[in-house]
**Student:** 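Take this structure, written in structure tokens, and hold onto it; I'll ask about it next.
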Amino acid sequence: MERTLIIVKPDAVQRGLTGEVIKRFEQRGLKIVAMKFIHITEELAKKHYAVHEGKPFFEGLVSYITSSPVVVMALEGNDAIAAARKTIGATKPVEAEAGSIRGDFGMEIGRNLVHGSDSPENGLLEISNFFTAEEIYSWDRATDAWIQE
Ligand code: DAT
Ligand code: MG
């Protein structure tokens, strides 16, 4: 069972797409195990995007993600990382498949609406940057057996 950190980024929240984005993960079958509405601090943004430090787009990325509130979630499922990234679509929205979130709602890499972890290890690491153990719930969902064998 994998877990991924999802961020509904400031542009998606500002554009009124929060529900639409959450809906797509939920209807796919990914299980919400944590969720909150926060304004990411510069310190947390730099920690979250540490692998990109030094790249030309780093400062813009940090100012974008800290520009207004976001919804952060931890989602769980078999192959949660791959499933969520398919639902999100390619990093550059113009290259994202129609039907994905970025492919349906995005135009530019710097306004690509959603973050999803890229590996099981990073999923757990990123979730721990945003949530305490007490904020994460393991729960039995009534539909679990109908979504995963
Ligand atoms: P993803 O968000 O699809 O996992 P990533 O981890 O490679 O993509 O990069 C994190 C974010 O950084 C990405 O959502 C948008 C921004 N970014 C990445 N590459 C970029 C580039 N070449 N120019 C501008 N922004 C970029
Ligand atoms: Mg990434």
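All values below come from the heavy atoms of this structure, side chains included, with hydrogens, waters and symmetry mates left out. Start at 1 and go down the list; that is how both ligands and their atoms are numbered.
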**Student:** Among residues at least two apart in sequence or on other chains, which ones pass salt bridge (Lys or Arg N to Asp or Glu O under 4.0 Å) with K36?
**Tutor:** E135
**Student:** Quick check: closest heavy atoms across T91 and N112, and the distance to 0.1 Å?
**Tutor:** O-ND2, 3.1 Å
**Student:** Does M35 reach the side chain of V71, with side-chain heavy atoms less than 4.5 Å apart?
**Tutor:** yes
**Student:** Dump all N/O pairs between ligand 1 and the protein below 3.5 Å as a table: atom names plus distance, one pair per row.
**Tutor:**
unit_1	atom_1	unit_2	atom_2	d
ligand 1	2 (O)	R102	NH2	3.2
ligand 1	3 (O)	T91	OG1	2.5
ligand 1	3 (O)	R102	NH1	3.1
ligand 1	4 (O)	R85	NH1	3.1
ligand 1	4 (O)	R85	NH2	3.3
ligand 1	6 (O)	H52	NE2	3.3
ligand 1	8 (O)	T91	OG1	3.3
ligand 1	9 (O)	H52	NE2	3.3
ligand 1	14 (O)	K9	NZ	3.3
ligand 1	14 (O)	N112	ND2	2.8

**Student:** Scan for salt bridge (Lys or Arg N to Asp or Glu O under 4.0 Å) pairs involving residues 8-29, sequence neighbours excluded, and state none if there are none.
**Tutor:** E20-K23, E20-R24, R24-D104
**Student:** Work out which heavy atom in T66 is nearest to a heavy atom in H39; give both atom names and the distance.
**Tutor:** O-NE2, 2.7 Å
**Student:** Which residues pass the ring-ring contact (aromatic ring centres under 6.0 Å, His included) test with F130, not counting sequence neighbours?
**Tutor:** H48
